[in-house]
Amino acid sequence: MKTGTIYLVGAGPGDPDLLTLRAARLIESARLIVHDGLVDPAILAMAHRDARLVSVAKSRSKHTLPQDQINALLVREALAGHDVVRLKGGDPFIFGRGGEEMEAAQAAGLACEVVPGISAANGAAAASGIALTHREDASIVSFVAGQCKGLADQDWAGLAGKGRTLVIYMGVKTAPQIAEKLMADGLAPDMPLAVVENACRPEMRVLRGPLAGLPEMVERHAVKSPALIIIGTVTARADAALARVLEETVS
Ligand code: SAH
């Protein structure tokens, strides 16, 4: 019997307009879509009416399905001859466990195709007007994961500071430890940062402030996941640009 293909598809940060054409075509034609919690309902609504939609929603605190069971589900369906669209927020290979799922497919001898998506960092940058690189401000960008497990063991030294932009995924809950860690690494307490919540969605919020004020900012504005923390002088540049626009509007 012919086995199915596992497609690891990036759904981007939210807005269906930010899907690649390849992703949109696969979503529309799929008969089986296995998706996580970050995929916007508007994107799931594009699925064929006969498609089976299986949620394996994962969030920091509740794991509906552990990763090995997700891998097993994908492999089982493909071995049974079904093509599987594994739909993920952002890009499958940026904090998306896409690597693990690809390895599971390969170990089972199954065909696997990866369809890239716009990662939250790229979506948030565009939507908030924060250029992650700028000839006058930053020529290095790093993406890190800020979740609790192993945070203290991660070596971020040198990733943030002059000429550099640091983008932190999954950092809302650990904001106090993140600010502390970066300042312990020598980052100035007044280093500008931005928090972008729900980037590329109608309810997007962009907050700006100094590094030392991050924990208070997150708490006062009740910032919720999904949100990114962008650290570096490029975020202050966006402030200036925004202020100019406002001034022009007023005058
Ligand atoms: N594969 C995804 C990342 C998954 S990890 C990607 O490439 O974007 C989940 C984290 O991504 C969230 O905790 C948050 O930090 C970030 N994220 C995802 N979607 C987001 C959005 N619309 N706005 C802001 N951050 C987002």
Side-chain angles (χ1 to χ4, degrees), residues 7-20 22-23 27 33-44 55-65 67 70 85-102 114-130 132 141-151 154 156 159-160 165-179 193-208 214 217-218 221-231 235 238:
Y7 297 92
L8 303 179
V9 180
D15 185 345
D17 277 2
L18 294 177
L19 288 169
T20 62
R22 178 96 184 119
I27 293 164
I33 297 179
V34 178
H35 63 91
D36 60 31
L38 274 179
V39 178
D40 201 274
I43 290 174
L44 295 177
S55 169
V56 290
K58 238 184 321 197
S59 74
R60 210 178 146 277
S61 48
K62 59 173 198 300
H63 280 247
T64 336
L65 258 197
Q67 187 60 44
I70 297 176
V85 168
R86 171 71 176 109
L87 196 56
K88 296 160 170 298
D91 179 84
F93 278 0
I94 299 285
F95 305 127
R97 306 248 182 137
E100 293 166 48
E101 292 170 7
M102 183 182 67
V114 183
V115 179
I118 294 180
S119 193
N122 300 97
S128 64
I130 297 170
L132 298 180
V141 187
S142 307
F143 296 170
V144 297
Q147 78 251 28
C148 229
K149 201 167 154 231
L151 183 61
Q154 288 183 46
W156 291 359
L159 296 184
T165 304
L166 181 64
V167 183
I168 304 171
Y169 286 67
M170 298 173 277
V172 173
K173 288 263 162 58
T174 49
Q177 293 92 307
I178 285 171
L193 64 76
V195 173
V196 185
E197 180 189 64
N198 281 311
C200 308
R201 297 181 180 162
E203 62 275 30
M204 178 173 90
R205 286 196 297 172
V206 182
L207 309 167
R208 290 189 173 83
L214 175 67
M217 179 203 275
V218 165
H221 295 278
V223 176
K224 298 248 155 37
S225 180
L228 289 177
I229 304 167
I230 306 177
I231 299 181
T235 63

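All of these numbers come straight from a predicted model, not from anything done at the bench. Every number for a ligand or one of its atoms is a count from 1 in the order of the listing.
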Met170 N/O to ligand 1 N/O under 3.5 Å:
yes
Sidechain-backbone polar pair: Glu197 side chain, Lys224 backbone, donor-acceptor under 3.5 Å:
yes
What I want to know is whether Ile168 and ligand 1 share at least one N or O pair that is separated by under 3.5 angstrom.
no
For atom 9 (C) of ligand 1, what is the nearest protein heavy atom, given as residue, atom name and distance?
Leu38 CD1, 3.6 Å
Return the option from Cys200, Gly10, Gly89 holding the heavy atom at the smallest distance from atom 2 (C) of ligand 1.
Gly89
With atoms numbered from 1 as shown, which atoms in ligand 1 lie under 4.0 angstrom from a non-hydrogen atom of Ile94?
1 (N), 2 (C), 3 (C), 6 (C), 7 (O)
For the CD1 atom of Ile178 and the CG atom of Leu151, what is their distance to the nearest 0.5 Å?
6.0 Å
Among protein heavy atoms, which lies nearest atom 11 (O) of ligand 1, and at what distance?
Tyr169 CD2, 3.4 Å
Report yes or no: does Tyr7 contribute a side-chain atom to a donor-acceptor pair with the main-chain N or O of Ile27 at less than 3.5 Å?
no
Would you say Ala120 has any N or O atom under 3.5 Å from an N or O of ligand 1, going by distance alone?
yes
Check for a donor-acceptor pair, side chain of Arg86 on one end and backbone N or O of Val34 on the other, with a separation under 3.5 Å.
yes
Look at atom 4 (C) of ligand 1 and say which protein heavy atom is nearest, naming residue and atom and giving the distance to 0.1 Å.
Phe95 O, 3.3 Å
For residues Asp36 and Gly89, report the shortest heavy-atom separation together with the two atoms involved.
OD1-N, 3.5 Å
Within the distance-only criterion (no hydrogens, no angle test), does the side chain of Asn198 pair as donor or acceptor with the backbone N or O of Met204 below 3.5 angstrom?
no
Rounded to the nearest 0.5 Å, what separation is found between the CG atom of Leu8 and the NZ atom of Lys88?
6.5 Å
Report the member of Ser119, Gly117, Ala227, Ser225 with the shortest heavy-atom distance to atom 25 (N) of ligand 1.
Ala227
Heteroatom proximity flag, Asp91 to ligand 1, N/O under 3.5 Å
yes
Look only at the side chain of Thr20 and the backbone of Ala23, and say whether a donor-acceptor pair between them is shorter than 3.5 Å.
yes
From CG (Leu193) to CE (Met217), nearest 0.5 Å:
5.0 Å
Polar atom proximity, Ala199 to ligand 1 (N or O, under 3.5 Å):
yes
Which protein non-hydrogen atom lies closest to atom 20 (C) of ligand 1, naming both residue and atom, and how far is it?
Pro226 CB, 3.6 Å
Within a distance under 4.0 Å of any heavy atom of Val196, pick out the atoms of ligand 1 and give their elements.
24 (C)
